[in-house]
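Note sheet for the following structure.
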Amino acid sequence: MSCFRLENVSYRYDKSPVLQGIDLRLEPGEILGLFGHNGAGKTTSIKLILGLMQPTQGTVSVLGGRAGDPSVTQNIGYLPENVMFYPQLTGREILSHFARLKGSSLHQVPKLLEQVGLGDARDARTKTYSKGMRQRLGLAQALLGRPKLLMLDEPTVGLDPVATADLYRLLRDLRDEGTGIVLCSHVLPGVEPYIDRAAILTEGSLKAAGDLAALRRQANMPVTLSLEPANSISALERVIDKASTSSGLMIKTDNGRLRVDVQPREKMALLKTVMASGEVADISIQQPSLEDIYVHFLGSGGLARRGGNQ
């Protein structure tokens, strides 16, 4: 049973298309990164999965049932980008309140507060909490009832590096236990090591989806080789010039090393040639990062819209 499936889903608002023909799925034990510029359709997709909105076209199934059905919703955890709580209540009181609303056991409240690092602040009023502490409390409420589907919108906002690392360790543990997780974030370098697949939205359409290897193949972006000359830079350059079959090969000098941008289909042939030449003392290979892939698929139009609110 999939955590959710969106099949040919479109949504219009006041006759304006917000989503167009989206096909997307999430399986148990998988972390999906959902990325896109502001206004790309991420929040609308989340609301459709939560059952807060209905698609104009297509079908949305969640945990084998209908999005928004109470029996489905009680198995979903959701952390919005901006969390707000009653300022006069303590962390323990707020989490207990949400546990009752969700029909979850109150016995898990103390454990969850400890798990997110709020054990010592459980009886402090939330008006005294920092932004990071409120974010942790929001995560704790999302984890109530051991959800089968967990949806997190910018979960690291306000968290320091240690708390961020703790969060991702927790998400990995949940994934290993079978929870399906959707992670929306603009901090792509921080997210990259923790996701299994990425989905990139732009202007309401799904531009690309897959694991990083599949996205790199789809983007066909150059790979960067960093080569340390065994003898001289000029000698190594001559070897590369003879070996290359591409007129568009980019070669730059960087702190005594050669940086060569090569198309994936030419990478192995070039590596074999330069290694056999004896002109290389050391080599490192840099694949396109998640951020590189994101920029490639969005283009300059998407980048111009990244600064505003979702």
Side-chain angles (χ1 to χ4, degrees), residues 1-6 24-35 42 45-46 49-50 61-65 67 71-81 83 95 98-99 102-105 107-119 132 135-157 159-200 209-216 287 289-291 293:
M1 179 181 67
S2 298
C3 292
F4 68 75
R5 285 185 179 272
L6 277 64
L24 188 63
R25 61 173 176 79
L26 176 71
E27 301 301 329
E30 183 178 46
I31 299 179
L32 172 70
L34 184 60
F35 309 117
K42 302 187 301 296
S45 299
I46 290 174
I49 295 167
L50 292 174
S61 61
V62 182
L63 297 172
S71 63
V72 170
T73 303
Q74 68 179 5
N75 290 304
I76 300 176
Y78 173 51
L79 173 65
E81 180 177 359
V83 293
L95 201 57
F98 279 106
K102 198 171 185 179
S104 302
S105 170
H107 293 297
Q108 63 185 306
V109 169
K111 181 180 178 181
L112 279 175
L113 289 170
E114 289 287 347
Q115 197 171 20
V116 300
L118 291 177
Q135 193 75 358
R136 292 178 188 222
L137 184 58
L139 177 62
Q141 69 80 24
L143 296 176
L144 284 166
R146 299 180 66 84
K148 297 177 181 178
L149 170 59
L150 182 62
M151 308 189 70
L152 308 175
D153 195 353
E154 299 290 350
T156 60
V157 171
L159 298 184
D160 59 40
V162 173
T164 298
D166 289 342
L167 167 67
Y168 283 127
R169 277 195 291 270
L170 174 59
L171 295 185
R172 277 183 165 172
D173 289 343
L174 291 170
R175 179 196 63 184
D176 293 344
E177 293 171 4
T179 300
I181 301 170
V182 176
L183 187 59
C184 294
S185 178
H186 284 128
V187 189
L188 302 189
V191 171
E192 181 173 350
Y194 303 101
I195 61 173
D196 300 301
R197 289 192 303 122
I200 300 174
D211 60 29
L212 288 180
L215 291 177
R216 289 182 180 120
Q287 297 276 9
S289 67
L290 175 60
E291 190 164 27
I293 295 168

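Source: prediction; values computed, not measured.
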Notebook entry, point to check: How many angstroms lie between atom OG of S185 and atom CG of D153, to the nearest 0.5 angstrom?
Noted result: 9.0 Å

Notebook entry, point to check: Would a 4.5 Å heavy-atom cut-off, applied to side chains only, mark Q115 and R136 as touching?
Noted result: no

Margin query: Measuring only between side-chain heavy atoms, which start at C-beta, is L139 closer than 4.5 Å to L170?
Written below: yes

Margin query: Run I46 and C184 through side chain to side chain contact (heavy atoms under 4.5 Å, CB included) and show every step you take.
Written below: CA-CA 10 Å; I46 290 174; C184 294; 3.7 Å; yes

Check: Going from CG on L152 to OH on Y78, what distance comes out if it is rounded to the nearest 0.5 angstrom?
Finding: 9.5 Å

Next item on the list: Search all heavy atoms of P193 against all heavy atoms of G190 and return the closest pair with its distance.
Entry: CD-O, 3.5 Å

Margin query: For a 4.5 angstrom cut-off between non-hydrogen side-chain atoms, does V182 reach I49?
Written below: no

Margin query: Check E177 with K148, please: is the shortest side-chain N to carboxylate O separation under 4.0 Å?
Written below: no

Check: Would you call L113 and L137 a side-chain contact if the rule is heavy atoms closer than 4.5 Å?
Finding: yes

Notebook entry, point to check: Can you tell me if T179 uses its side chain to pair, donor with acceptor, with the backbone of R175 under 3.5 Å?
Noted result: no

Notebook entry, point to check: Under 4.5 Å between any side-chain heavy atoms of L290 and L212, yes or no?
Noted result: yes

Note to self: For the OG1 atom of T164 and the CZ atom of R169, what is their distance to the nearest 0.5 Å?
What the structure shows: 10.5 Å

Checklist line | Beyond-backbone contact of L32 with R25, side-chain heavy atoms, under 4.5 angstrom | finding: no

Item checked: Backbone N/O of G138 and side chain of Q141: donor-acceptor pair under 3.5 Å -> yes

Note to self: When you measure from the side chain of D211 to the backbone of D196, do you find a donor-acceptor pair of N or O atoms at a distance under 3.5 Å?
What the structure shows: no

Checklist line | Flag side-chain contact, heavy atom, 4.5 Å: L79 against Q135 | finding: yes

Note to self: Is there a side chain to side chain contact (heavy atoms under 4.5 Å, CB included) between D166 and L159? Walk through the geometry before answering.
What the structure shows: CA-CA 10 Å; D166 289 342; L159 298 184; over 6 Å; no

Next item on the list: Any chance you could measure L149, atom CG, to L50, atom CG, to the nearest 0.5 Å?
Entry: 8.0 Å

Next item on the list: May I ask you to test the V191-Y168 pair for a side-chain heavy-atom distance under 4.5 Å?
Entry: yes

Checklist line | Value rounded to 0.5 Å, distance of CD1 in I76 from NZ in K102 | finding: 8.0 Å

